[in-house]
A.B. asks: 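Starting off with a structure, shown below.
By convention here, the first residue in the shown sequence is residue 1. In this text the structure is predicted, and so the values were computed from the model without any measurement.
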Amino acid sequence: MIARTVRILSLVLVAIALTGVPSAAAPPPAPVPADLTTTDIGIPTAGGKTLAGTVFAPRAASGPLPGLVLVHGSGNGKRASVTPEAIAFARQGIAVLAYDKRPLDNPVYSLLADDVVAAVGVLRKQPGVKPNAVGLWGISEGGWVMPIAASRSKDIAFLVLASAPALSPVRVQNWNMRNKLAGAGVSGALTDTLSNKFYRLADDAGLFAEADYEPRPALSAVTQPVLAVYGTADTQVPPAESVAVLRQTIRSPLTVRFIPSAGHTLRVLDDTGMFTNELFPSYPEIVGDWVRAVGAGTIPPPHVDQPPAQQANSVALTPSAWWESWPAQLIALAVLLTGFLSYPIVALVRRVPRRAVTAARPARLLAAAGATAVIGFVAYFVTVADSANWKGISPGPMVGGRPVFWLALQAVALLTVITTAVTIHAWRTSTVDRLRRGFLLVAGVLFLPWALYWGLLLP
C-alpha cells in the first residue's frame, strides 16, 4: 500500500514538474481574418483514427501555394493552440494545415511522426497546394518529432524548427527547472534537489516518457533544407546549445535565426505577462520569406545568426546509482515513515510504564522531529512543484537565497540528527523499552544519509 501511494504521488509530481506551458496560460482563440479561407478536413492515421484539421490559405491566392503542416509542442494540443501561427503564416502566402494532436497520456514520438506524415499526405492533395513544396513547422517538442517524420517521407520538402530542443527531453526539462529556480532567487542545495536529483529519480522510475530520447541520429538523417528560429530570451530550451547540435548534425542547408527578446513561444506578452495571439515582430516574415523561396526551388544559402549567451549550460544527468534508484528511495521512505510514526502510535495503543516515559523523552522528540522533517519535505516539494508554470516557480518567502520553509525543514532535520545521537546514548545505557526505541533508531540512523542526499543537511 505504501509503495503504491508513493508511486502515485510521484506520478503526480512528474506530471506537474514536467509541464511546459499550461493551457490556462493560452489566450482566447484567434478569430480568422476575412482575407483568409479555411477548409476543415480529416486526417486518417494508423489504427483507424481520424484527426480533425483545418487548412488556412490566403483568399486572394493565385497559383499553387507552398504548404506547411503545423506540429504541436508538448501536451494534447488542439488546432486552436496554433491558430495564431496558422493565420500569420497563411498571410505570408502559404497554405497552412493545423490539426488536433493525437491525445496521448505520454508522448510517443514515433507515433506522432507517423501522424505528421499522414497530415503531409492530406495537405499535398488539397486544391491550390503545390504538392512538391509541402513542409513542416513545429515548436518545442515538435523539434523531436519532425526529423523522425522527415526521415520517413520524401514528400516532406523542408523543415521549420521553432524553439526546437536538440538535446534529450530530460536534460532540457532539467535546464528549464533550474532556470525557474534561478529566476525565483533560489540557491544552495534546494536547487539540486528540485532539478538534478528529482529528474534522475523520475527517469529511473520510468515516469518520464521518452526522457532519454537522443535527437542526434534523426537530425543527422535529415536531407531537407532546414530553417531554425529561436528567441534569445528562451528559458525552456537552451538555444545556444541546441543550435550547436544542429550545426554538428544537420548536413543539408541550414538557416538559423534568432529573434531578440523573444521567449520560448515566440509570441508577444501583454502588460500582465500573459501570452497574446500576436507573433513576435519579424517572425512571420522570416518563416514566410524562407518557405516561399524553398517552395519556388530557390534554397537560401546557409546562414547562422550569432547565438546568444545562455544564462547557464544544461547538464547531462548520469544514471542513478543503486542507492539512488527508485526502489531504494521507496524503501528508505517507507522505513523512515514507519520508524518515526510507529513509535508514538505504539505508545497510544499500549500502556507504557512511567519510568519508560521518562527515559523515552529524547526518543519522543526524535519521533516528532523525524516525522515532521520527512512529511514536511514531501509536502513542501509537492507545493513548490505544483507552483511551477511557464512564468516560473513560487518557493515562498526567501531569506538569503533560501526559502523560509526550506530553512525551517533544515532546522528540523538537524534536530532529528541531534536527537538520534542522544537517543542512541540513552538506548545503550537503559534497559527500558529497548526494542521499540531500537526500531526508532533504525529510522534515525537512516535519516542522516537520506537527508544529506536530498539536501536537508546541506547549505
Side-chain angles (χ1 to χ4, degrees), residues 63-73 82 85-86 88-98 109 112-113 116-117 119-121 123-124 126 129-166 215-231 237 239-240 242-259 266 279 282-307:
L65 300 174
L68 193 62
V69 173
L70 304 188
V71 182
H72 289 277
V82 291
E85 286 79 7
F89 299 150
R91 283 181 151 177
Q92 292 294 314
I94 305 170
V96 183
L97 169 57
Y109 297 157
L112 294 174
V116 171
V117 173
V120 168
L123 183 58
R124 293 178 76 243
Q126 294 301 302
V129 174
K130 192 175 182 179
N132 63 344
V134 173
L136 309 176
W137 169 95
I139 191 165
S140 196
E141 182 190 89
W144 288 311
V145 174
M146 289 193 300
I148 301 174
S151 69
R152 296 179 179 177
S153 174
K154 295 181 179 180
D155 293 335
I156 297 174
F158 56 84
L159 303 180
V160 179
L161 306 174
S163 303
R216 287 177 174 85
L219 289 169
S220 298
V222 170
T223 59
Q224 299 90 337
V226 176
L227 168 65
V229 184
Y230 293 88
V237 167
S242 294
V243 169
V245 173
L246 295 182
R247 298 184 71 177
Q248 293 167 2
T249 56
I250 293 179
R251 305 305 176 198
S252 56
L254 171 66
T255 299
V256 178
R257 299 297 306 274
F258 285 97
I259 299 179
L266 302 173
L279 274 60
S282 78
Y283 175 34
E285 290 76 18
I286 289 173
V287 173
D289 291 346
W290 189 88
V291 169
R292 289 195 307 271
V294 174
T298 305
I299 299 175
H303 169 81
V304 178
D305 285 350
Q306 180 65 34

A.B. asks: So, do V134 and P66 sit near enough that their side-chain heavy atoms are less than 4.5 Å apart?
C.D. replies: no
A.B. asks: Side chains of V160 and L136: closer than 4.5 Å at any heavy-atom pair?
C.D. replies: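 V160 does not reach L136 side chain to side chain.
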A.B. asks: Tell me whether the count of non-hydrogen atoms from other residues, nucleotides or ligands lying under 6.0 Å of CZ in R152 goes above 12.
C.D. replies: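 Yes - once you tally the heavy atoms of other residues, nucleotides and ligands closer than 6.0 Å, there are more than 12.
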A.B. asks: Does G93 offer a backbone N or O that forms a donor-acceptor pair with the side chain of R292 under 3.5 Å?
C.D. replies: no
A.B. asks: Quick one: does S252's side chain have a donor or acceptor within less than 3.5 Å of a partner on Q224's backbone?
C.D. replies: yes
A.B. asks: Identify the heavy atoms of A149 and V117 that sit nearest to each other, and give their distance.
C.D. replies: O-CG2, 3.8 Å
A.B. asks: Taking C-beta and beyond as the side chain, do T255 and V226 meet within less than 4.5 Å on heavy atoms?
C.D. replies: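 A side-chain contact is absent here, since even the closest heavy-atom pair is not under 4.5 Å.
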A.B. asks: Please step through side chain to side chain contact (heavy atoms under 4.5 Å, CB included) for the pair V96 and W137, ending with a clear verdict.
C.D. replies: CA-CA 10 Å; V96 183; W137 169 95; over 6 Å; no
A.B. asks: Work out which heavy atom in G143 is nearest to a heavy atom in P147; give both atom names and the distance.
C.D. replies: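 Distance-wise, the nearest heavy atoms are O-CD, 3.1 Å.
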A.B. asks: Determine yes or no for a side-chain-to-main-chain donor-acceptor pair under 3.5 angstrom, with K130 supplying the side chain and G67 the backbone.
C.D. replies: no
A.B. asks: Between S153 and A150, is there a donor-acceptor pair closer than 3.5 Å when you use the side chain of the first and the backbone of the second?
C.D. replies: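 No.
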A.B. asks: Let's go through D305 and Y230 carefully: what are the C-alpha distance in whole Å and the side-chain angles of both, what is the deciding distance for side chain to side chain contact (heavy atoms under 4.5 Å, CB included) to 0.1 Å, and is it a yes or a no?
C.D. replies: CA-CA 10 Å; D305 285 350; Y230 293 88; over 6 Å; no
A.B. asks: With a 4.5 Å cut-off on side-chain heavy atoms, are L219 and L246 touching?
C.D. replies: yes
A.B. asks: Can you classify the ring geometry of W290 versus F158 as parallel (below 30°), tilted (30 to 60°) or perpendicular (above 60°)?
C.D. replies: perpendicular
A.B. asks: Does T298 reach the main-chain N or O of V294 with its side chain, forming a donor-acceptor pair under 3.5 Å?
C.D. replies: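 The answer is no, because no donor-acceptor pair under 3.5 Å joins these two groups.
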A.B. asks: For a side chain to side chain contact (heavy atoms under 4.5 Å, CB included) check, start with the C-alpha distance between I139 and H72, then their side-chain angles and the critical distance, and finish with the verdict.
C.D. replies: CA-CA 6 Å; I139 191 165; H72 289 277; over 6 Å; no
A.B. asks: Are V129 and L65 side-chain neighbours, meaning at least one heavy-atom pair lies under 4.5 Å?
C.D. replies: no
A.B. asks: Closest approach of I299 and P225, non-hydrogen atoms and distance?
C.D. replies: CG2-CB, 4.0 Å
A.B. asks: How long is the span from the CZ atom in R124 to the CG atom in N132, to the nearest 0.5 Å?
C.D. replies: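 One gets 7.5 Å once the value is rounded to the nearest 0.5 Å.
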A.B. asks: CG/L161 to OG/S140 distance, rounded to the nearest 0.5 angstrom?
C.D. replies: 11.5 Å
A.B. asks: Side-chain contact test, heavy atoms from C-beta onward, threshold under 4.5 Å: evaluate it for L97 versus L68 and give yes or no.
C.D. replies: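 With C-beta onward as the side chain, the pair stays apart.
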A.B. asks: To check you understand the geometry: which heavy-atom pair defines the closest contact between P165 and S242, and what is its length?
C.D. replies: CA-OG, 3.8 Å
A.B. asks: So which atom in V71 and which in G142 form the shortest heavy-atom distance, rounded to 0.1 Å?
C.D. replies: CG1-CA, 3.9 Å
A.B. asks: Between Q92 and V287, is any pair of side-chain heavy atoms under 4.5 Å apart?
C.D. replies: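 Heavy-atom side-chain distance check fails, nothing below 4.5 Å.
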A.B. asks: For V243 and V256, what are the C-alpha separation, side-chain angles and deciding distance, and is it a side chain to side chain contact (heavy atoms under 4.5 Å, CB included)?
C.D. replies: CA-CA 8 Å; V243 169; V256 178; 3.8 Å; yes
A.B. asks: Let me confirm one number: the CZ-CD1 distance from R257 to I286, rounded to the nearest 0.5 Å.
C.D. replies: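 Interatomic distance, R257 CZ to I286 CD1, rounded to 0.5 Å: 4.0 Å.
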A.B. asks: Find the distance between CZ (F89) and CG (L70) and round it off to the nearest 0.5 Å.
C.D. replies: 7.0 Å
A.B. asks: As an exercise, state the distance from CD1 of I250 to OG of S220, rounded to the nearest 0.5 Å.
C.D. replies: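 If we round to the nearest 0.5 Å, I250:CD1 and S220:OG are 8.5 Å apart.
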A.B. asks: Any side-chain heavy atom of V229 within less than 4.5 Å of one from I259?
C.D. replies: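 Result yes, sub-4.5 Å side-chain heavy-atom pair found.
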A.B. asks: Quick check: closest heavy atoms across I94 and G288, and the distance to 0.1 Å?
C.D. replies: CD1-CA, 4.1 Å
